[in-house]
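Quick notes on the structure that follows.
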Amino acid sequence: MVTLRSSIRGEDDVFRQLAFASRARDGLRPSDTSEIIGASRANNARLGVTGVLVYSGESFLQLVEGPDGALSTLWRKLIIDDRHRQLTALHDGVADARWFDDWRAGYVSENALAPLLRQWRTRGPALPPDDLEKLYEFLRGTEAY
Ligand SMILES: Cc1cc2nc3c(=O)[nH]c(=O)nc-3n(C[C@H](O)[C@H](O)[C@H](O)COP(=O)(O)O)c2cc1C
């Protein structure tokens, strides 16, 4: 189990970026992904969380960015969500600025995603700048769901 950084000196408004990968539960249905996307869109907008969720049919990759407290609460929900498994933090760090203006979900092929996840799994959970750049470009380029 990855232990995520706790908030800096208890301040709740530190701006944080968190990226994770996971595997979809066997037999996950389109209605399940619709529910995940619906809840995420509503909750994230309310909490000032932006980012991108990418789904390949087998794997998830998500980057979320926002207030530290909101991301810690989200992580606790993700850990117990049985619609995915093998939840792994790829990146967790304080950031200066948002990468994304809103939150959206995108689709990408497993062939494109799997090799990147293999690399980032071994380099995280504080990705070096080159990998962060690659992650940003990848998320920006994904097709909206
Ligand atoms: C891969 C994956 C990504 C998720 N991303 C988010 C997210 O960005 N925001 C969110 O609120 N819930 C997300 N969820 C759903 C949460 O685990 C949880 O079910 C949901 O936040 C509960 O919402 P509620 O408290 O409004 O019932 C995600 C679930 C999965 C499986």
What about [X] and [Y], same hydrophobic cluster or not, with Ile/Leu/Val/Met/Phe/Trp/Tyr joined at side-chain heavy-atom distances under 4.5 Å?
X	Y	result
W99	L71	no
I36	L47	yes
F20	V49	yes

Looking at [X] and [Y], would you say the former's side chain and the latter's main chain have a donor-acceptor pair under 3.5 Å?
X	Y	value
N43	A39	yes
E65	F100	yes
H84	S59	no
T142	R140	no

If I compare all heavy atoms of [X] with all of [Y], which pair ends up nearest, and what's the gap?
X	Y	value
P125	A89	CB-O, 3.7 Å
S109	Y107	N-CE2, 4.4 Å
A24	G57	CB-O, 4.4 Å
A105	R41	N-NH2, 4.5 Å
L87	W75	CG-CH2, 3.7 Å
G27	D32	O-OD2, 4.5 Å

Side-chain contact, heavy-atom cut-off 4.5 Å: [X] with [Y]?
X	Y	answer
P128	R123	yes
D68	F15	no
F138	V108	yes
H91	L132	yes
D26	R85	yes
L61	L53	no
T50	D101	no
I37	W103	yes

Calculate, to the nearest 0.5 Å, the distance between atoms [atom1] and [atom2] belonging to [X] and [Y] respectively.
X	Y	atom1	atom2	answer
L90	Q62	CG	CD	11.5 Å
E58	L28	CD	CG	12.0 Å
F60	Y55	CZ	OH	5.0 Å
R83	R25	CZ	CZ	8.0 Å
N111	S56	CG	OG	9.0 Å
S22	D81	OG	CG	8.5 Å

Test log, rule side-chain hydrogen bond (donor to acceptor under 3.5 Å, both in side chains), inputs R16 and S72: CA-CA 10 Å; R16 175 175 166 199; S72 295; 3.1 Å; yes
Only one of D102, L135, L139, L63 clears side-chain contact (heavy atoms from CB on, under 4.5 Å) with V52; which? L139
Salt bridge or not between E110 and R23? Use side-chain N to carboxylate O under 4.0 Å.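 Looking at R23 together with E110, the answer is yes, because their closest N to O distance falls below 4.0 Å.
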